[in-house]
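So the structure is just underneath, and the comments pick up after that.
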Amino acid sequence: AYVPIVHGCDKFCSFCIIPYRRGREVSRTVDDIVREATMLAERGVREVTLLGQNVDSYGHDLPGQQDLGRLLRAVNRVDGIERIRFLTSHPNDMSDAILDAIAECEKVCEHVNLPFQAGDDEVLRKMRRGYTNDEYRVLVDRVRDRIPNVSLSTDLIVGFCGETDAQFQRTVEMVRDIRFDKVHSAAYSTRDGTIAARQLVDDVPLDEKKARHRAIDELQASIQTEINGLLAQQTVEVLVEEADNGRGRGRSRNDKLVYIQEAEDRIGEVVEVVIDRAGPWSLGGRLVTAA
């Protein structure tokens with residue numbers, strides 16, 4: 001189940017309409033969220049994803065020292081909930097308190113979505129992201145240092161206003177160097193009402209945007225093939241979410257999609273799976289008990 005914890009966004013990235021459509025950030029109380037998670041658990045929910053446009057800024061508008069780290073620890077104590085995820089993070093708000101909670105709470109999955117959007121500092125400035133290429137890389141190192149076996153996903157935009165080929169290559173370098181487990185890429189398109197629509201020119205040709213998008217996807221497919229290949233013959237823990245053509249289907253703690261033989265009747269269970277097929281987009285395996 002998805003549990004919204006903070007609505008709105010205060011960041012005002014130049015390409016984004018959310019602050020204008022959903023307003024400034026407003027956080028729900030910890031007690032309210034824990035109460036909802038408890039009710040969901042009583043109804044059979046085993047995994048919750050805590051949601052916010054900028055989930056890492058949760059709690060800054062609440063009295064006392066409330067933050068996402070404290071919330072994760074509170075939901076971690078809810079009986080019946082076996083897994084906790086959260087989306088979507090902003091690099092500027094990924095604090096040590098959040099990282100420590102991920103590392104120390106046994107129910108919080110070792111997966112972090114950390115959008116970087118562009119690899120070039122000038123493009124990042126135009127996007128109003130508030131960090132540089134180097135600062136993002138330092139953060140990634142800190143995440144990986146504090147959370148053993150963490151998987152990382154990211155979001156990025158190609159063909160943003162004025163992006164040159166040289167600037168795009170810095171995005172390519174970022175993807176190649178960091179080796180994300182998953183990359184959600186998109187070609188830029190103007191959104192009416194945003195800062196970019198009012199102040200910048202969408203001047204990268206559509207064919208060039210498509211070529212850059214294709215280059216990122218091809219690079220990331222090769223990286224994911226290598227990363228997922230390392231899981232062959234490994235045992236992973238999967239929550240079976242649904243049945244698909246006679247197989248169970250679910251995700252590992254690292255957010256890998258896994259198809260499982262002889263598990264179509266195990267929906268809602270956390271099972272151990274031996275991986276015997278690894279591709280760029282999904283894994284396949286069999287139940288340990290059926291090995």
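Small disclaimer: the values here were computed from a predicted structure and weren't measured.
Rounding to the nearest 0.5 Å gives a distance of 11.0 Å between CZ of F15 and SG of C161. One finds the CG atom of L124 at 5.5 Å from the OH atom of Y131 (value rounded to the nearest 0.5 Å). In this structure, R83 CZ and E106 CD are separated by 13.0 Å, a value rounded to the nearest 0.5 Å. To the nearest 0.5 Å, atoms OG1 (T154) and CD1 (I178) are separated by 7.5 Å. Taken from OG1 in T171 to CG in L219, the straight-line distance is 11.0 Å, to the nearest 0.5 Å. Taken from CG in L87 to CG in L50, the straight-line distance is 9.0 Å, to the nearest 0.5 Å.
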### Task
Step by step, work out the side-chain contact (heavy atoms from CB on, under 4.5 Å) result for R277 and S282.
CA-CA 8 Å; R277 181 190 63 78; S282 66; 3.2 Å; yes
### Query
Under the side-chain contact (heavy atoms from CB on, under 4.5 Å) criterion, do L283 and L257 qualify, and how do the steps go?
CA-CA 6 Å; L283 305 170; L257 177 63; over 6 Å; no
### Query
After noting the C-alpha distance and the side-chain angles of I33 and D31, does the key distance pass the side-chain contact (heavy atoms from CB on, under 4.5 Å) rule?
CA-CA 6 Å; I33 296 165; D31 288 346; over 6 Å; no
### Task
Take R170 and V123, measure what side-chain contact (heavy atoms from CB on, under 4.5 Å) needs, and give me the verdict at the end.
CA-CA 10 Å; R170 285 189 263 283; V123 176; over 6 Å; no
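Residues V108 and V238 do not share a hydrophobic cluster, defined by chaining ILVMFWY side chains whose heavy atoms lie under 4.5 Å apart. Residues I18 and V55 are members of separate hydrophobic clusters, defined by side-chain heavy-atom contacts under 4.5 angstrom among Ile, Leu, Val, Met, Phe, Trp and Tyr. Both V175 and Y136 are members of a single hydrophobic cluster when ILVMFWY side chains are connected at heavy-atom separations under 4.5 Å. Neither L239 nor V258 shares a network with the other; the hydrophobic side chains, linked directly or stepwise wherever heavy atoms of I, L, V, M, F, W or Y lie under 4.5 Å apart, form separate groups for each. With hydrophobic clusters built from ILVMFWY side chains whose heavy atoms lie under 4.5 angstrom apart, L62 shares a cluster with I5.
A 4.5 Å side-chain heavy-atom check between V26 and V6 finds every atom pair outside the cut-off. A heavy-atom distance below 4.5 Å is not found between the side chains of D141 and D145. Between T164 and Q167, some side-chain heavy-atom pair lies under the 4.5 Å cut-off. Using a 4.5 Å cut-off on side-chain heavy atoms (C-beta onward), N133 and D120 make no contact.
Closest approach of I17 and G193 over heavy atoms only: CD1-C, 3.8 Å. Contact detail for G248 and V240: the closest heavy-atom pair is CA-CG1, 4.1 Å. Across all non-hydrogen atoms, the minimal contact from S14 to L200 is OG-CD1, 4.4 Å. The two residues C9 and P19 have their closest heavy-atom pair at O-CB, 3.5 Å. Taking all atoms of both residues into account, the shortest heavy-atom contact from G246 to E264 is O-OE1, 2.7 Å. Heavy atoms only, all atoms of each residue included: A41 and V78 are closest at CB-CG1, 4.4 Å.
Counting only residues at least two apart or on different chains, the ring pair (Phe, Tyr, Trp, His ring centres under 6.0 Å) pairs with a member in residues 185-228 are F160-Y188. Annotation: salt bridge (Lys or Arg N to Asp or Glu O under 4.0 Å) contacts involving residues 126-139, sequence neighbours excluded, comprise R137-D177. Counting only residues at least two apart or on different chains, no salt bridge (Lys or Arg N to Asp or Glu O under 4.0 Å) pair has a member in residues 183-200.
Between E122 and R125 a salt bridge is recorded (basic side-chain N to carboxylate O distance below 4.0 Å).
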Side-chain donor-acceptor distances from residues 93-105 under 3.5 Å, at least two apart:
unit_1: D93; atom_1: OD2; unit_2: K11; atom_2: NZ; d: 3.0
unit_1: D93; atom_1: OD2; unit_2: N54; atom_2: ND2; d: 2.8
unit_1: S95; atom_1: OG; unit_2: A97; atom_2: N; d: 3.4
unit_1: S95; atom_1: OG; unit_2: I98; atom_2: N; d: 3.3
unit_1: D96; atom_1: OD1; unit_2: R142; atom_2: NE; d: 2.8
unit_1: D96; atom_1: OD2; unit_2: R146; atom_2: NH2; d: 3.2
unit_1: D100; atom_1: OD1; unit_2: R146; atom_2: NH1; d: 2.6
unit_1: D100; atom_1: OD2; unit_2: R146; atom_2: NH1; d: 3.4
unit_1: E104; atom_1: OE1; unit_2: R73; atom_2: NH1; d: 3.1
unit_1: E104; atom_1: OE1; unit_2: R73; atom_2: NH2; d: 2.8

Ignoring hydrogens and angles, write down the donor-acceptor pairs under 3.5 Å from the side chains of residues 265-274, residues two or more places apart or on other chains.
unit_1: R266; atom_1: NE; unit_2: E269; atom_2: OE1; d: 2.7
unit_1: R266; atom_1: NE; unit_2: E269; atom_2: OE2; d: 3.4
unit_1: R266; atom_1: NH2; unit_2: E269; atom_2: OE1; d: 3.1

Cut-off 3.5 Å, no hydrogens considered: what does the side-chain donor-acceptor table look like for residues 65-72, sequence neighbours left out?
unit_1: D67; atom_1: OD1; unit_2: G69; atom_2: N; d: 3.1
unit_1: D67; atom_1: OD1; unit_2: R70; atom_2: N; d: 2.8
unit_1: R70; atom_1: NE; unit_2: Q65; atom_2: O; d: 2.7

Side-chain donor-acceptor pairs under 3.5 Å in residues 110-119, sequence neighbours left out?
unit_1: E110; atom_1: OE1; unit_2: R253; atom_2: NE; d: 2.9
unit_1: E110; atom_1: OE2; unit_2: R253; atom_2: NE; d: 3.4
unit_1: E110; atom_1: OE2; unit_2: R253; atom_2: NH2; d: 3.0
unit_1: H111; atom_1: ND1; unit_2: S151; atom_2: O; d: 3.4
unit_1: H111; atom_1: ND1; unit_2: S151; atom_2: OG; d: 2.7
unit_1: H111; atom_1: NE2; unit_2: S153; atom_2: OG; d: 3.2
unit_1: N113; atom_1: ND2; unit_2: S153; atom_2: OG; d: 2.9

Show me the donor-acceptor pairs, under 3.5 Å and distance only, between side chains in residues 227-235 and residues at least two apart or in other chains.
unit_1: N228; atom_1: OD1; unit_2: K256; atom_2: NZ; d: 2.9
unit_1: N228; atom_1: ND2; unit_2: G279; atom_2: O; d: 2.8
unit_1: N228; atom_1: ND2; unit_2: P280; atom_2: O; d: 3.4

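Although no hydrogens or angles enter the test, the distance criterion places a donor-acceptor pair under 3.5 Å between the side chain of N76 and the main chain of K107. A side-chain donor-acceptor contact under 3.5 Å links D181 to the backbone of L152. Within the 3.5 Å criterion, the main-chain N or O of P205 finds no donor-acceptor partner in the side chain of K210. At least one donor-acceptor pair closer than 3.5 Å links the side chain of Q53 to the backbone N or O of G8. Of the possible polar contacts, one joining the S27 side chain to the G59 backbone as a donor-acceptor pair under 3.5 Å is found. Distance alone, capped at 3.5 Å, places no donor-acceptor pair between the K209 side chain and the A187 backbone.
With sequence neighbours excluded, the residues forming a salt bridge (charged side-chain N to carboxylate O under 4.0 Å, His left out) with R179 are E226, listed by chain and number. For R28, the salt bridge (charged side-chain N to carboxylate O under 4.0 Å, His left out) criterion is met by D32, E36, not counting sequence neighbours. A search for salt bridge (charged side-chain N to carboxylate O under 4.0 Å, His left out) contacts involving R251 returns E47, E241, D255, not counting sequence neighbours. Among residues two or more places apart in sequence or in another chain, the side chain to side chain contact (heavy atoms under 4.5 Å, CB included) test is passed with D244 by R247, R249, Y259.
The closest side-chain donor-acceptor pair between E25 and H60 falls under 3.5 angstrom. In this model, a donor atom of one side chain and an acceptor atom of the other lie less than 3.5 Å apart for Q224 and Q220.
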